[in-house]
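Before any comments, here is the structure.
The figures here come from the full heavy-atom set of this structure, side chains too, leaving out hydrogens, waters and symmetry mates. Letters go in sequence order (proteins before strands), and every chain restarts at 1.
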Amino acid sequence: MSVRVRFAPSPTGFLHIGGLRTALYNYLFAKHNDGECILRIEDTDQTRYVESAEKAIVDMCRWAGFDFDEGPEQGGKYGPYRQSERTELYQTHASILIENGEAYYAFDTSEELDRMRERQQKSGLAPKYDRTIMRNQTTLGEDETSRLLAEGEPSVIRLKVPHTGEIRFNDLVRGEVVFAARDIDDQILLKSDGYPTYHLANIVDDHLMEITHVIRGEEWLPSTPKHCILYDAFGWEKPKFAHLPLLLNPDKTKMSKRHGDVFVEDFKNKGFFAEALVNFIALCGWNPSSDREIFSMSELIEYFALEKVNKAGAIFDYKKLEWMNSQYFRSYNPSDLAPELLRILDQYDYPKVSAEYAAQVIKLLRERINFIGDIPTFGDYMFVAPKNFDEEYKSKHWQPETHGNIAPLVGMFESTVEFSHQELHDIVHAYITEKQLALKLIIHPLRLMITGKQVGAGMFETMEVLGKKETLSRMTAFLENNA
RNA sequence: GCAGCGUUCGUCUAGCGGUUAGGACACCGCCCUUUCACGGCGGCGGCACGGGUUCGAUUCCCGUACGCUGUACCA
């Protein structure tokens with residue numbers, strides 16, 4: 001049987017980075033096994049529904065470099081892929097459970113439930129629906145239940161959990177997991193608004209869509225026994241389960257907005273490359289037992305194995321992500337990145353530059369920064385002549401005799417043919433040899449005059465990219481006004 | 001509270017009874033050098049604790065501690 005997995009997000013907002021990792025692991029597992037990865041939208045909570053969320057989720061997965069084989073957009077023979085379009089399915093399946101005696105109607109109001117939980121907590125008991133004292137099919141009897149239903153009394157359908165023995169299942173990440181049946185709650189399956197809860201919808205859909213492996217976050221581990229009971233109640237075969245470790249904040253709590261960026265959009269906007277982000281989150285909780293850090297998507301697919309997924313949660317190390325981004329930054333062809341730099345440059349007041357020039361600037365500066373988006377600020381002087389000059393740098397390297405040492409160079413640079421870094425290098429070295437000067441007496445003043453800053457790429461390379469005209473104009477202007 | 005899960009350098013991790021406990025990020029130092037980086041070299045730094053099992057435990061078992069998640073007519 002072919003592998004079929006699903007990513008089943010709830011469309012309540014932007015895609016969380018942890019959600020992206022869950023989706024990615026599902027995708028990697030599916031592709032590693034030549035199987036299908038399905039997108040299913042779990043929009044059964046009307047109160048939390050966000051219109052644009054579904055598109056945002058799909059867009060971010062595409063940006064990250066993967067897509068789904070079936071889903072609301074692609075379609076497929078197991079559709080529809082939005083749970084809100086499958087409500088009848090859940091209702092008929094809930095009815096089957098009622099008829100089998102595996103589920104029952106309940107009429108309790110939320111106030112009554114609150115009071116029940118309060119009482120239980122006061123007496124030190126775990127809050128749990130007490131089937132024997134509440135207003136439901138078992139306490140009210142069949143006649144009364146039918147009467148209330150006929151009258152349109154608001155009702156829900158609850159799972160009749162067999163409260164003896166234990167529920168055990170094998171988790172592909174954690175091994176055998178055991179729960180005592182007595183601790184499992186009579187979960188609501190169908191809400192009074194007619195929509196299913198996650199638990200019912202999830203099981204019905206996974207079964208009908210022939211999902212073979214349920215790969216989801218660890219937060220679902222405690223409700224998995226309920227799902228097992230449901231599969232049994234329907235008489236269905238269970239899929240294999242794999243619960244992924246959580247992505248954590250630095251304080252080890254579940255990664256959340258309080259501690260900074262958590263949405264994929266945030267990382268995209270911040271300027272991270274999709275490949276770097278994917279590479280990084282793939283390695284948060286999984287490792288192919290290698291000393292390598294950099295993996296392409298196809299390599300991730302090739303090596304991915306659920307057996308190698310870690311059990312413990314992983315703190316999201318932003319610094320390491322930045323490092324990884326810098327690795328990708330340096331590996332790309334500058335020309336391919338030029339259009340993106342041009343787009344970023346549009347937000348600044350600099351004169352327009354060509355794509356070729358942009359590529360040269362990328363090549364020149366990328367080893368010094370982590371983000372392509374840092375270029376306009378770190379390398380502002382590549383786009384506009386400096387207005388301010390680093391005071392500390394100037395006082396350190398511009399001495400009374402510096403003007404005299406530098407001035408002759410203007411003419412020499414003027415007479416170059418190519419203005420290449422090699423040519424500039426040769427000229428300067430010949431000059432300092434003849435004048436018996438240390439290179440630093442020339443190179444730092446040049447950097448100051450031309451860039452205004454004390455940090456940057458190699459000076460001759462910088463001058464070459466800037467070009468003869470611009471370089472000389474900055475030098476003469478500085479000599480006249482600031483020296 | 002109850003339940004489940006988890007615990008190797010600060011962080012991500014390798015390890016699946018015998019290793020000088022390996023790599024990466026971060027940090028520190030040195031080298032290179034035209035500043036800053038990159039790169040190279042080196043350093044710092046870890047098996048939560050206590051019992052077993054075993055000739056031998058980071059590794060297997062049981063406790064303890066700590067942490068996390070769950071405990072909704074949310075997913």
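When the P atom is compared between B/rC9 and B/rG22, the two are found 14 Å apart, to the nearest whole Å. Rounded to a whole angstrom, the distance from the C1' atom of B/rG4 to that of B/rA37 is 49 Å. Nucleotides B/rG45 and B/rA21 are separated by 13 Å at their C1' atoms, to the nearest Å. Taking the C1' atom of each, B/rU54 and B/rU7 are spaced 24 Å apart, rounded to whole Å. B/rG15 and B/rC60 have their C1' atoms separated by 15 Å, with the value rounded to a whole Å. On the P atoms, B/rA3 is 35 Å away from B/rG46, given to the nearest whole Å. Separation of the P atoms belonging to B/rU13 and B/rU53 is 34 Å when rounded to the nearest angstrom.
Tested against A/His243, the residues A/Glu218, A/Arg216, A/Lys311 include a single side-chain hydrogen bond (donor to acceptor under 3.5 Å, both in side chains) partner, A/Arg216.
Residue A/Lys308 is in sugar-phosphate contact alone, with no base atom involved, counting any heavy-atom pair closer than 4.0 Å across all strands shown. Among the heavy atoms of the strands, none lies under 4.0 Å from A/Arg292. A/Phe316 comes within contact range of no nucleotide atom at all, as no heavy-atom separation falls under 4.0 Å. Contacts of A/Lys440 with the nucleic acid, taken as non-hydrogen atoms under 4.0 Å apart, are absent. Contact annotation for A/Ala106: no contact, since no heavy-atom pair falls under 4.0 Å across all strands. Among the protein residues, A/Pro445 comes within range of no part of the nucleic acid, since none of its heavy atoms lies under 4.0 Å from any strand. When heavy atoms are screened at a 4.0 angstrom cut-off, A/Gly285 is found touching the sugar-phosphate backbone but no base atom. Residue-level contact check: A/Glu42 touches the backbone only, with heavy atoms under 4.0 Å from sugar-phosphate atoms and none from bases. Within the 4.0 angstrom heavy-atom criterion, only backbone atoms of the sugar-phosphate kind lie near A/Thr44; the bases stay farther away. Nucleic acid contact class of A/Arg168 (heavy atoms, under 4.0 Å, all strands): none.
The listed nucleotides are B/rU34, B/rU69, B/rC25; the one nearest the side chain of A/Asp317 is B/rC25. Picking from B/rU7, B/rC36, B/rG70 the nucleotide with the shortest atom distance to the side chain of A/Lys254 gives B/rG70. Distances from the side chain of A/Glu219 to the nucleotides B/rC25, B/rA37, B/rA75 place B/rA75 closest. Between B/rC68, B/rA14, B/rC74, one nucleotide has an atom nearer to the side chain of A/Thr253 than all others, and that is B/rC68. For A/Lys191, the side-chain atoms get nearest to B/rC73 when compared with the rest of B/rC36, B/rC73, B/rU34.
Sorted by first then second residue, the salt bridge (Lys or Arg N to Asp or Glu O under 4.0 Å) pairs that include residues 419-447 of chain A, not counting sequence neighbours, number zero. Sequence neighbours left out, the pairs with a member in residues 158-191 of chain A that pass ring-ring contact (aromatic ring centres under 6.0 Å, His included) are A/Phe169-A/Phe241.
By the 4.0 Å N-to-carboxylate-O rule, A/Glu153 lies close enough to A/Arg135 to be salt-bridged with it. Checked for salt-bridge contact, A/Arg40 and A/Asp206 meet the test: a charged N lies under 4.0 Å from a carboxylate O.
Taking 4.0 angstrom as the limit, A/Lys128 places none of its side-chain polar atoms (N or O) nearer than this to OP1 or OP2 of B/rG1.
Aromatic ring orientation, A/Trp286 versus A/Phe304: tilted (interplanar angle from 30° to 60°). Classified by interplanar angle (parallel below 30°, tilted 30° to 60°, perpendicular above 60°), the ring pair A/Tyr198/A/His227 is tilted. Ring geometry for A/Tyr318 versus A/Phe272: interplanar angle over 60°, hence perpendicular rather than tilted (30 to 60°).
In A/Arg330, the CZ atom is crowded: over 12 heavy atoms of neighbouring residues, nucleotides or ligands sit closer than 6.0 Å.
Near RNA chain B, meaning a heavy atom under 4.0 Å away, the residues from residues 176-190 of chain A are A/Val177, A/Val178, A/Phe179, A/Asp183, A/Ile188.
A donor-acceptor contact under 3.5 angstrom links the side-chain atoms of A/Ser192 to the base of B/rC73. A/Arg174 contributes no side-chain N or O that forms a donor-acceptor pair with the base of B/rC5 under 3.5 Å.
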